[in-house]
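One structure is given below, encoded as structure tokens.
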Amino acid sequence: MPELPEVETTRRHIAPYLINNEIKDVLIYKGAERLAISHTASEMIRELVGRRITNLERHGKYLLFLLDDNRTWVVHLRMTGALIISKPISPKQKYERARIILDNDNVLLFDDMRKFGTWHIVKNIIDAMPKIGPDAYSSEFTVQWLLEKLSQRKIPVKSALLDQKIVAGIGNIYADEACFDAGINPNRSSNDLSLHKVKLLHGSILSVLDLALGNGGTTFSNYRDGYGRAGNNSINAKVFRREGFECSRCDGTIVKIKLGGRGTHYCPSCQK
DNA sequence: ACTATGCCCTGGGTGC
DNA sequence: TGCACCCAGGGCATAG
């Protein structure tokens, strides 16, 4: 599932093919019209065609395509979405839901098996990402911010990491990995962590994201980068989908539980 | 104000 | 082999 490192990897791959190029045509295939949230699919096509992409940014898991009319095309890949640069004559892919044709003759494929991905076109990006918190890589995401937000809530730490109002960009994989790295039981109440533990957790969040980004993201099943390739970071997972295996830090065994409706992996021996 | 649950969607896995 | 069922989960709507 694309989280911050995967979305950032995609952004870096596709940006050079898009910036300063004009959108010549857009196809949204039959059955995929629901991806268009702020407009109907046909309206969205009309709004995009003829626009030049001036920059490509990211906030959390959202990709922000800045357009030359000062609006922003906001894309969220959700669970199985991918944006892949391709050649103009490439045949339609099995799960290709939309296709953007550029005036440099490259095409951008929007591939999304489960059709959860969303598109908005907005004047103010807040309309596409209401109440979103600071990006995990931004200067606003400090230990102090994390401490304040965790202390205001009484939810499991892992659930807090998944809450994009607290910090934007973490999904199920890196929430589990960050809790492991910090030695925190994901079920611990968020308002129950010492300053020392919050400092550890903040550092762990950044280090697991950095490691994943350095390896081009994590692919367990569906994630593909801007060239359609799998990421290389799954070998670095210490707990995610490792239930039944020995812990890499102690003699415990990784377990899998359900927490907030999400599969959650941790070591009961060394995560307290 | 808060937290918890169901929904969207499709493929892969499991059990009978 | 086939078929029914469950699971995967990001963000939103709704319920309590």
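Sequence lines set the chain letters: A, B, ... in the order given, protein chains first and strands last, and positions in each chain run from 1.
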Measure from [atom1] on [X] to [atom2] on [N] and round the result to the nearest Å.
{"X": "A:Arg153", "N": "B:dT3", "atom1": "CZ", "atom2": "P", "answer": "4 Å"}
{"X": "A:Lys131", "N": "C:dG11", "atom1": "NZ", "atom2": "P", "answer": "14 Å"}
{"X": "A:Ile37", "N": "C:dG10", "atom1": "CD1", "atom2": "C1'", "answer": "12 Å"}
{"X": "A:Asp112", "N": "B:dC8", "atom1": "CG", "atom2": "P", "answer": "16 Å"}
{"X": "A:Ile257", "N": "C:dC7", "atom1": "CD1", "atom2": "P", "answer": "15 Å"}
{"X": "A:Ile166", "N": "C:dG10", "atom1": "CD1", "atom2": "P", "answer": "15 Å"}
{"X": "A:Glu3", "N": "C:dG11", "atom1": "CD", "atom2": "P", "answer": "9 Å"}
{"X": "A:Arg114", "N": "B:dC8", "atom1": "CZ", "atom2": "P", "answer": "13 Å"}

Counting any heavy atom closer than 4.0 Å, what does [X] reach on the DNA or RNA strands: base, sugar-phosphate only, or nothing?
{"X": "A:Tyr62", "value": "sugar-phosphate"}
{"X": "A:Lys165", "value": "nothing"}
{"X": "A:Gly263", "value": "sugar-phosphate"}
{"X": "A:Met1", "value": "sugar-phosphate"}
{"X": "A:Phe240", "value": "sugar-phosphate"}

Report the residue (A:Lys154 or A:Arg97) whose heavy-atom-nearest nucleotide on DNA chain B is the more 5′ of the two.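 First, find each residue's nearest nucleotide; the 5'-ward one identifies A:Lys154.
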
How do A:Arg78 and A:Tyr95 order along DNA chain B: which one's closest nucleotide is nearer the 5' end? A:Arg78

So that I can tick it off, tell me whether A:Asp105 and A:Lys24 are bridged by a salt bridge, with the cut-off set at under 4.0 angstrom between side-chain N and carboxylate O. yes

A:Asp111/A:Arg97 salt bridge by N-O under 4.0 Å criterion: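 Looking at A:Asp111 together with A:Arg97, the answer is no, because their closest N to O distance does not fall below 4.0 Å.
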
Within a 6.0 Å radius of atom CZ on A:Arg188, are there more than 12 heavy atoms belonging to other residues, nucleotides or ligands?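 Atom CZ in A:Arg188 is crowded, with more than 12 foreign heavy atoms closer than 6.0 Å.
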
Taking atom NZ as the centre, does A:Lys87 end up with more than 12 heavy-atom neighbours from other residues, nucleotides or ligands that are less than 6.0 angstrom away?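 Result for NZ/A:Lys87: open.
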
[X], nearest nucleotide to its side chain (from [options]):
{"X": "A:Gln164", "options": "C:dA8, C:dG11, C:dC12", "answer": "C:dG11"}
{"X": "A:Asn172", "options": "B:dC9, B:dT10, C:dG10", "answer": "C:dG10"}
{"X": "A:Leu162", "options": "C:dG10, B:dG11, B:dC9", "answer": "C:dG10"}

Classify the side chain of A:Arg262 versus the base of C:dA8 as yes if they form a donor-acceptor pair under 3.5 Å and no if they do not. no

So A:Tyr62 and A:Glu57, side chain to side chain donor-acceptor pair (under 3.5 Å) or not? Walk me through it. CA-CA 9 Å; A:Tyr62 291 87; A:Glu57 299 177 353; over 6 Å; no

Ignoring backbone atoms, test whether A:His76 places a side-chain nitrogen or oxygen under 4.0 Å from the OP1 or OP2 oxygen of C:dG11. yes

